[in-house]
2 protein chains.
Amino acid sequence: MNANHAIKIEPFKVACSSCNLRELCLPVGLSKGDLDQLDALVATRRNVERGDTLFRTGDSFQSLYAVRTGFFKTCVSSEDGRDQVTGFQMAGELLGLDGISNDRHSCDAVALEDSQVCVIPYSQLEELSREFTDLQHQFHKIMSREIVRDHGVMLLLGSMRAEERLAAFLLNLTQRLQARGFSASALVLRMTREEIGSYLGLKLETVSRTFSKFQEDGLLEVKQRQIRIMDQPGLQKLVNSTTC
Amino acid sequence: MNANHAIKIEPFKVACSSCNLRELCLPVGLSKGDLDQLDALVATRRNVERGDTLFRTGDSFQSLYAVRTGFFKTCVSSEDGRDQVTGFQMAGELLGLDGISNDRHSCDAVALEDSQVCVIPYSQLEELSREFTDLQHQFHKIMSREIVRDHGVMLLLGSMRAEERLAAFLLNLTQRLQARGFSASALVLRMTREEIGSYLGLKLETVSRTFSKFQEDGLLEVKQRQIRIMDQPGLQKLVNSTTC
DNA sequence: CGCTAGGTTGAATCGGGTCAATGGGAGTGG
DNA sequence: CCACTCCCATTGACCCGATTCAACCTAGCG
């Protein structure tokens, strides 16, 4: 499986209405009728192998992408080659919203494992959302939620110490995984220490050390990328306490 | 002037079509016909005195606001009272996009000087943008631009040193001021060192010290909140160079 | 079986934070 | 008009958390 190297169009019809991610993805709250319309729009899927980019900075913007399976990171880079991971996306989450502003993508989206996305042609989405109020509203909510999420990351980057950042990151990850039916306490990281560090504004050594510290403190069990959360409330307490 | 303490509805009709900010604000790129429709929507203005909030976290979300005159900051805070300035908004910029996701605002918007905003009832904007493609598209672009901006801030917070952050901040400010017809080299800061620090993920003392350093290096002249940029390319060089 | 990418750990360094004292400007009230 | 006050800004000294540099380890893969 996942052995095909080119863009792959699913031979059979894909349908949001029968997708088990519909409660997390664009279709949230849509009526049956609206959903059928959306089905017509989201006609193709695309496979992206681990390490490949779904789109990169400067690419012309045509479509949004909904992650169906797999895991992505997005990263921006400045002229001088500085690099920043701006997010990690898992099933049901949308990629490509950055492209609307300029008709060009302003970040890279890289698959961290073999993944599949649903392709949502943007001009058609705009068209459809003129007709279907609920879809329009849902789409706006998703964009707004991204803005709110970004503000949360700014808070993290601007005011938290390393331990707090990593704890917040882990809690956020597990929460999203739990919403997708996975365990709240055991997880496998799909990204390297360096990628976590970039996202959290830390160096990879600091991330590694902090993992070790959490393990010593009995908060986690860490075996490479396998993490088991032993003391969820303890992590939570780390996050919300200016704790002096 | 600016002596009224309550919300003030302008007695005469306000009109985007005759607003000198139309090239920076929501109406960008709209045809004459679309503009007339927008005029009908944006019927009221509201004055906000220096220090007052336009909205705060938890307030029910009804409207977006376009800054007409004045200057705002937005800030989020975490449960434990940590605080983060997420942006500064000047004439022509939109406030309130965070509220769409939840029907509640998720940040505070505070006027840093006596200000006036145009009130854009959100449900009517959605309605109108179903009818007018250009307006819909422009609105989406503005939301997307906010996301892209936030990613830039993440890059700044995640990977830049204090000097680089402050230089980037000043260049961004002057660029926006210049687009509004102000000088590219002389500016008056509307915010305290502490607010700059919060935005940049630094302490106020660090901001102050960095201003002093820039002055010693001949990059700026700093007199309290009066800043004169003496060496724009020098600042630019600070920003784009991992310089080692 | 050896190579390589990723991860861990230690020691030294340093950038920015913390704490504390001082200075300056704008607004207020006598 | 001046004096008082408050808020903001500056500056110094010290400290600490995170980075840097380096060595070493481990797992996965060809």
Side-chain angles (χ1 to χ4, degrees), chain A residues 3 49-51 73 82-85 110 112-114 156-169 188-217 220-227 238 242-244, chain B residues 2-3 49-51 73 82-85 110 112-114 156-170 188-217 220-227 238 242-244:
Chain A
E49 281 186 66
R50 180 188 157 133
K73 71 170 175 180
R82 237 187 292 255
D83 223 58
Q84 173 77 21
V85 172
V110 181
L112 296 182
E113 58 181 10
D114 291 347
L156 178 145
L157 290 172
S159 74
M160 292 186 177
R161 291 175 314 99
E163 292 184 19
E164 300 167 334
R165 292 183 199 190
L166 189 61
F169 170 71
V188 177
L189 300 175
R190 305 266 98 116
M191 70 294 278
T192 66
R193 302 292 191 255
E194 184 167 20
E195 285 160 341
I196 297 173
S198 171
Y199 182 60
L200 298 178
L202 302 169
K203 294 290 156 188
L204 67 95
E205 294 95 330
T206 307
V207 174
S208 182
R209 272 185 247 275
T210 308
F211 270 128
S212 301
K213 170 136 198 314
F214 283 176
Q215 189 161 28
E216 283 165 35
D217 296 352
L220 302 178
E221 256 175 40
V222 183
K223 235 181 285 168
Q224 303 287 124
R225 298 197 182 180
Q226 322 257 1
I227 309 286
L238 257 181
T242 323
T243 294
C244 323
Chain B
N2 284 311
E49 281 186 66
R50 182 189 154 129
K73 70 169 175 181
R82 236 187 291 255
D83 223 58
Q84 173 76 21
V85 172
V110 181
L112 296 182
E113 58 181 9
D114 293 347
L156 179 145
L157 290 172
S159 74
M160 291 186 175
R161 291 173 315 98
E163 291 184 20
E164 299 168 334
R165 293 184 199 191
L166 189 61
F169 170 72
L170 290 171
V188 177
L189 301 175
R190 304 267 100 114
M191 69 296 276
T192 66
R193 301 291 191 256
E194 184 167 20
E195 286 160 340
I196 298 172
S198 171
Y199 181 61
L200 299 179
L202 302 168
K203 294 291 154 184
L204 68 95
E205 294 94 331
T206 306
V207 174
S208 183
R209 271 186 248 276
T210 308
F211 270 127
S212 300
K213 170 135 198 315
F214 282 177
Q215 190 162 28
E216 283 166 34
D217 296 351
L220 302 178
E221 256 175 41
V222 183
K223 235 181 285 169
Q224 303 287 123
R225 298 197 183 180
Q226 323 256 1
I227 308 287
L238 258 180
T242 323
T243 295
C244 316

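Naming convention: chains lettered A, B, ... in sequence-line order (proteins, then strands); numbering from 1 in each chain.
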- Rounding to the nearest 10°, end axes of the helix from C/dC1-D/dG30 to C/dG30-D/dC1 built from five pairs each make an angle of 40°
- Item | A/Glu195: salt bridge (Lys or Arg N to Asp or Glu O under 4.0 Å) partners, not counting sequence neighbours | A/Lys73
- Query: Under the salt bridge (Lys or Arg N to Asp or Glu O under 4.0 Å) test, which residues partner B/Arg161, sequence neighbours left out?
  - Reply: B/Glu164
- Task: At the 4.0 Å heavy-atom cut-off to chain A, mark where contacts on DNA chain C begin and end, going 5' to 3'.
- Result: C/dG6 to C/dA11
- Item | Donor-acceptor pair, side chain of B/Gln84 and main chain of B/Ser198, under 3.5 angstrom | yes
Which heavy atom in [X] sits nearest to a heavy atom in [Y], and how many Å separate them?
X: A/Arg165; Y: A/Leu200; value: NH1-O, 2.7 Å
X: B/Val188; Y: B/Gln226; value: CG2-OE1, 3.7 Å
X: B/Leu157; Y: B/Gly201; value: CD2-N, 3.7 Å

- Validation row: B/Leu170, B/Phe211 side chains within 4.5 angstrom (heavy atoms): yes
- Just jot down the side-chain contact (heavy atoms from CB on, under 4.5 Å) partners of A/Gln224, sequence neighbours excluded, or say none. none
- Message: Pick the closest DNA chain C nucleotide for B/Ala162 and for A/Arg193 by heavy atoms, then say which residue is nearer the 5' end.
- Response: A/Arg193
- Does a sphere of radius 6.0 Å around CZ in B/Arg225 hold more than 12 heavy atoms from other residues, nucleotides or ligands, not counting ones at 6.0 Å or beyond? yes
- Task: Could you tell me which residues satisfy side-chain hydrogen bond (donor to acceptor under 3.5 Å, both in side chains) with B/Lys203, sequence neighbours excluded, listed by chain and number?
- Result: none
- Taking only residues two or more places apart in sequence or in another chain, which ones pass side-chain hydrogen bond (donor to acceptor under 3.5 Å, both in side chains) with B/Glu113? B/Arg190
- Query: What nucleic acid atoms does B/Arg209 come within less than 4.0 Å of, heavy atoms only: base, sugar-phosphate, or nothing?
  - Reply: base
- Message: Need one value for B/Thr192: base, sugar-phosphate or nothing, where a base atom within 4.0 Å counts as base even if backbone is also close, heavy atoms only.
- Response: sugar-phosphate
- Query: Got a sec, which pairs hit side-chain hydrogen bond (donor to acceptor under 3.5 Å, both in side chains) with one end in residues 207-217 of chain A, sequence neighbours left out?
  - Reply: A/Glu163-A/Lys213, A/Lys213-A/Asp217
- Item | From A/Arg193 atom CZ to A/Leu204 atom CG, the distance as rounded to the nearest 0.5 Å | 9.5 Å
- Message: For a 4.0 angstrom threshold against heavy atoms of chain B, report the outermost contacting nucleotides of DNA chain D in 5' to 3' order.
- Response: D/dC8 to D/dA13
- Message: Quick check on contacts: within residues 196-206 of chain B, what sits under 4.0 Å from DNA chain D by heavy-atom distance?
- Response: B/Leu204, B/Glu205
